[in-house]
Protein chains: 2
Amino acid sequence: MPANIPATTTVKPTAQSTTKSTAKSAAKSVANPPKVTIEVVAKRAGVSKGLVSFALNNRPGVAPETRVRILQVAKELGWKPSLRARSLSTQRSYALGLVIARNPDVLASDPFFPSFIAGVESILAPEGRALVLSVVPDEETELKTYRSLVADGRVDGVFLSDLRHGDPRIPLLAELGLPAVTLGRPDGPSPFPAVTVDDTPGVMASVAHLATLGHRRIAHVAGSSTLLHGSRRRAAFAAALREAGLPEGQTVETDFSVGAGSDATRRLLTQDTPPTAIVYANDPMAIAGLGMAHELGVRVPDDLSITGYDDIDFCRYVYPPLTTVSAAPMAWGRAAASTLLALMENGSADDVDLPAARLVVRGSTAPPHG
Amino acid sequence: MPANIPATTTVKPTAQSTTKSTAKSAAKSVANPPKVTIEVVAKRAGVSKGLVSFALNNRPGVAPETRVRILQVAKELGWKPSLRARSLSTQRSYALGLVIARNPDVLASDPFFPSFIAGVESILAPEGRALVLSVVPDEETELKTYRSLVADGRVDGVFLSDLRHGDPRIPLLAELGLPAVTLGRPDGPSPFPAVTVDDTPGVMASVAHLATLGHRRIAHVAGSSTLLHGSRRRAAFAAALREAGLPEGQTVETDFSVGAGSDATRRLLTQDTPPTAIVYANDPMAIAGLGMAHELGVRVPDDLSITGYDDIDFCRYVYPPLTTVSAAPMAWGRAAASTLLALMENGSADDVDLPAARLVVRGSTAPPHG
DNA sequence: TAGAAAGACTATACCGGTTTAGTTTCCCCC
DNA sequence: GGGGGAAACTAAACCGGTATAGTCTTTCTA
């Protein structure tokens, strides 16, 4: 039953022809194995349940032979301590949380999270931890979600992705006392360890690559500047231009969505003096840009060079294949998970800097014709 | 702490240069609010805790005025029943599970799950349920994951996606007594309700559309035939050809991945008599096919028409925009979640048939040039 | 008007672990 | 050989709810 339901109309037996009946009843009543609890193990081993608990948790004060015997009995009986009981007494849930606040469209076209999550899982699963995922539509709901995750004790720690400027989640989580790991370094003070893949070098390398090819009018289709990585990539873009001795480039801000990337591209290319190269803040937008270029009859890479960011699978298979920057979301997930576990175990954890994202040159970049 | 940890060093300050310190200590010690439990509410309302529980759960046997008073007190004190305690005594977790067994690459390029999950969440969140997500690399791990989800009591029910022929998960879950909902109708007997978006009409419509345009050599890049929707779309393709009075078409089986889609396309197009149209089993492969066509100098849609399946965001923005079949993963997620909740509440739930996927005609299909 | 039945509520067992406060036993040492 | 202390273990409280059995009124019934 839901938390405290006024009208539990949740589900009323639709009186229709219900050929289906749940598997529960059938299956559960058959075997009905005599639940083995810590009590049973204790009795069988001839000790108190407290001692079984001690033995299980490797605590001092248990004679070596006794410990062995207890564990032996536990194994024989196939006993696994009840997560629920343990949760109640330890006040922990043995689960970690990830809250994603994104427009479903943007989320859907962005392959970051599936890979990231796969990485996270590869660490959590062997540790017996679960991942609780929330996908919420807006920031307000997001904060509420964190509050209720804590209130319900659903998770022992969370991953903080898509950092924003002056991110309100950081003080919130600090106040709630919920351990967290940030994906990237926040711009303000933070009590949490950061696991970072520096994206600046990758973006700068993209620009440098284009400059070396001879491009002088390079534009940037940036992501949302409220997002830290959005504005950071934008800053890296600007810095790289300066470094290359090029004039300031045009920048169009978007929300990272495919549609916005397409629109931005149209705007850039339909000017009197369009850029000869565009650096996109992510791959989906770059791919949309490629489509738009085709539509406008602008040839890539002959008339226009483009670069993306993320190196999603698609990049290799669009035509021409996309020059992009390769982050490693799966490794990122692994590192973030390890760090969060360490933080929870030790009460502190060091920041982790993963290898910076690298430029991968493919066919979408070439010297400008002129 | 892991399941059974050697040293219960829960939280010791690692003596390293720890500029970070966990937020826990700091935050928690400040306020330290005197935990409000059911006991406190009971005392304050001058009743027993049992009665508070009854009032909360809308059970008979509580005088109306008393109920009101209790709930009033509960609200004043800001009491929310402890999920953990409740879990222990009700033997439920108030969470639902989704286990995804996919190659991370395939998963990453497939926007189905993010959208589906967003739909699921929109139903679960208001009900106070959480979603536990597992991403596993292979089938063996997948089955193990279900077992341990049940053993740990992590979830009260699960979503079964990517149905396979003679899917082993169905008997397993039945045996485990875990309520489930299948996404689509399984091919064997199943005790579980199915929530279905029929994909056959969409695929048939694609073929019909191509046939109407005048195509006679239509090929199919199919998904894995171990997957039900893979082989079903393939069957629909074949049926549609027959219905249109066309000869059997070439079919290449893939694993649904972008790379495989690309390879399959190359193989098809480099034959002596290549097809004039290709029906892809999903959009990512179609997009890869588009790229390959470009690479081979095959113009779309002039020399080759292509169609996809799913109507992912990209379709509108590649060039030419992709004719595809629009499923509605978010609505699917909502329906699946509602059905699973209903099943758990009532012990049974009816199958749900969502509106069949529809063909969306865009620029990637045109009459074959003669 | 006794007696049964219903209604409101309490006391308490229970879920299955962890943890603290004792208790026993054994050993060491002066 | 008696006191001190550590080691090994037990008993019971505790986490915070739910559920069951039972108590005490009040009301309906025969």
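Quick note on labels: first sequence line is chain A, next is B, and so on, each numbered from 1.
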NA contact type, A:Gly153, heavy-atom cut-off 4.0 Å: base, sugar-phosphate, or nothing?
nothing

Please classify the nucleic acid contact of B:Thr66 as base, sugar-phosphate, or nothing, using heavy-atom distances under 4.0 Å.
sugar-phosphate

Taking B:Arg69 first and then B:Glu65, would you say they form a salt bridge - that is, a charged N and a carboxylate O separated by under 4.0 Å?
no

Answer yes or no: is there an ion pair linking A:Arg169 with A:Glu139, defined by an N-O contact shorter than 4.0 Å?
no

So do B:Arg102 and B:Val135 actually touch side chain to side chain, heavy atoms under 4.5 Å?
no

Just jot down the side-chain hydrogen bond (donor to acceptor under 3.5 Å, both in side chains) partners of B:Ser148, sequence neighbours excluded, or say none.
none

Base, backbone or nothing for each nucleotide of nucleotides 14-23 of chain D, written B, S, -, heavy atoms under 4.0 angstrom, 5' to 3'?
-BBBBBB---

Could you point out which residue of A:Lys43, A:Lys49, A:Arg86 forms a side chain to side chain contact (heavy atoms under 4.5 Å, CB included) with A:Ile38?
A:Lys49

